[in-house]
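This report refers to the structure that appears directly beneath it.
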2 protein chains.
Amino acid sequence: MAKTSTDNAGNRDNDAISTQASSVYDRLQHDILTGQLQPGLKLRLKDLIEKYDTGNSPLREALSRLSATGMVVREENRGFRVSPAHTEELMELTRTRCWLEEIALRESITHGDTEWEERIVLAYHWLARAARQKDKAANHTSPEWETHHQEFHLALISACNSSILMDFCAELAKRSFRYRNLAEVVEYRDSHELEEHRELQDAVLNRDADTAVELLRKHYTVTSQILLDSGHFE
Amino acid sequence: MAKTSTDNAGNRDNDAISTQASSVYDRLQHDILTGQLQPGLKLRLKDLIEKYDTGNSPLREALSRLSATGMVVREENRGFRVSPAHTEELMELTRTRCWLEEIALRESITHGDTEWEERIVLAYHWLARAARQKDKAANHTSPEWETHHQEFHLALISACNSSILMDFCAELAKRSFRYRNLAEVVEYRDSHELEEHRELQDAVLNRDADTAVELLRKHYTVTSQILLDSGHFE
DNA sequence: TATATTACTTTCATCGATAAAAATTGTATA
DNA sequence: TATACAATTTTTATCGATGAAAGTAATATA
């Protein structure tokens, strides 16, 4: 990842200097999603203050925010820990994701305009390019690819007419992403992946909702199953 | 006000003394949902410290958490404000709510067991009782009724097999609730309300998914329309 | 008069220290 | 040996004060 804050993006040449609390928030979230901070890990304040080179207050604010997102669990008067990861959650995550994205995708296909189509085409373009570079570098956890992957999936549903629903989908994507990183499945069907996305793109642009939904669903369930089979995370 | 925390309820004879930050969190959220803190209001720290009789740090933690939920908007280096309320958001909220609860309800009707049925029956019982007391007292914003109302709707979808989806629905309910409070529509079709819920219950228990979904959808859209017509919150 | 610059005030973000709670250790008792 | 209790240490939560940024008013310059 090593990318700039997804959540606090903003900063459009406009002023608004990022605060320390937000910086720690981003770094903590990154390290959790990326698996560097293992599920269930006790987050001792003293250690974190040292590790992230910050103070008590900004750290606490960051943790508070993360606890509201479910990235971190707070236990009153006994601090924070990284939220646990279980196979059941991954299954539930996948199930829910299929439901929500089906709606969002169908709505988008019904209402999407040409700008929406363009967003998809562009997103696919970037994804494909990142995929080629990833293959070349044999670096199978390219943060660029991850970014573009998420962008592509968001583009598909970006005409659903509900930013709330999109936010939910984005949250589910983030949480699923974490499981992919936890199961250290390095080389998971790279060969097919780009093709899958291509087919998905085509179906969507053809406004073939049923096919698109089917492809999307398969995309998620297959990925999920691979992770489950890998047998990591208890 | 002066009510006990909804979210941090817990405290099951188990120890775990609630922290000050959580207390402020609850009270702030309550006052926002309830409309006592108007949308868009600038939340000046000094004022809040006084109003909620607390310190800098707990207050900030509370606000940080609320900002992650979307109750409060944070602007880097210029503090917090109550998140704004617009008609478009209410419409989006309602639309999204219909989508998500339809899924959750259909799933529940398909998979629900007898315990699920019992939860619904009980929830309806409490709702009806609260409705009668509300009518008697001519107190049309009874917090008890609100609680039971939410409980009832949650019970309906409580067999959907996805706590994630249920959490989403609960969040949508909370945010919709806020709009109901903002539009000071005191007496909105009280007479029909209980009946509506009764029909809904019957359809669900009969496992008649299509009817149930239709009733639910109407329930939400009609309520929403009344609020929109009231023309509050620009 | 309008704009730019500066000094001043208010408000927010962060630090360091302290209070409060939990966890750990040690000791005495059955 | 196991358990209860007290004393000690560690860790978390909160306070009060300071540093940093944004906002406001005043003055100067075109």
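Model, not experiment: these values are computed from the prediction. The sequence lines fix the lettering, A, B, ..., with proteins before strands; numbering per chain opens at 1.
Considering only side-chain atoms of A:Asn77, the nucleotide from C:dA21, D:dA17, D:dA22 that sits closest is C:dA21. Among the nucleotides C:dC12, D:dC15, D:dT12, the one closest to any side-chain atom of A:Arg44 is D:dT12. Distances were taken from every side-chain heavy atom of B:Thr54 (C-beta onward) to each of C:dC12, C:dA17, D:dC15; the shortest belongs to D:dC15.
The nearest whole Å value for the distance from the CG atom in B:Leu59 to the C1' atom in D:dC15 is 13 Å. Atoms CD1 (A:Ile49) and P (C:dC15) sit 9 Å apart, rounded to a whole Å. Atom pair B:Glu75:CD and C:dT11:P shows a separation of 15 Å (rounding to whole Å applied). The distance from atom CD of A:Glu76 to atom C1' of D:dT11 is 15 Å, rounded to the nearest whole Å. Nucleotide D:dG16 holds its P atom 15 Å from the NZ atom of B:Lys46, rounded to whole Å. Nucleotide C:dA22 holds its P atom 15 Å from the CZ atom of A:Phe80, rounded to whole Å. Going from atom CG of A:Leu45 over to atom P of C:dA20 covers 18 Å, rounded to whole Å. Regarding A:Leu48, its CG atom lies at a distance of 9 Å from the P atom of D:dT12, rounded to whole Å.
The phosphate of C:dC12 has neither OP1 nor OP2 within less than 4.0 Å of any side-chain N or O from B:Arg78. Considering only side-chain N and O atoms, A:Gln20 lies nowhere under 4.0 angstrom from the phosphate OP1 or OP2 of D:dA20. For B:Thr19 and D:dT12, the shortest distance from a side-chain N or O to OP1 or OP2 is not below 4.0 Å. The phosphate of C:dC12 (OP1 or OP2) has a side-chain N or O of B:Lys42 nearer than 4.0 angstrom.
Remark: A:Leu100 CG to B:Ile164 CD1 distance equals 9.5 Å, nearest 0.5 Å.
Within 6.0 Å of the CG atom in B:Asp53, the count of heavy atoms belonging to other residues, nucleotides or ligands does not exceed 12. By the neighbour-count criterion of 12 heavy atoms within 6.0 Å, atom CD of A:Glu115 is sparsely surrounded, having that number or fewer from other residues, nucleotides or ligands.
Remark on DNA chain C: of its neighbouring residues B:Leu43 and A:Asn56, the 5'-side contact belongs to B:Leu43, judged by nearest-heavy-atom nucleotide.
Cation-pi check for A:Arg74 over A:Phe80 is not met; the charged atom does not lie both under 6.0 angstrom from the ring centroid and within 45 degrees of its normal. Within the cation-pi definition used here (under 6.0 Å to the ring centroid, within 45° of the axis), A:Arg27 does not qualify as a partner of A:Tyr52.
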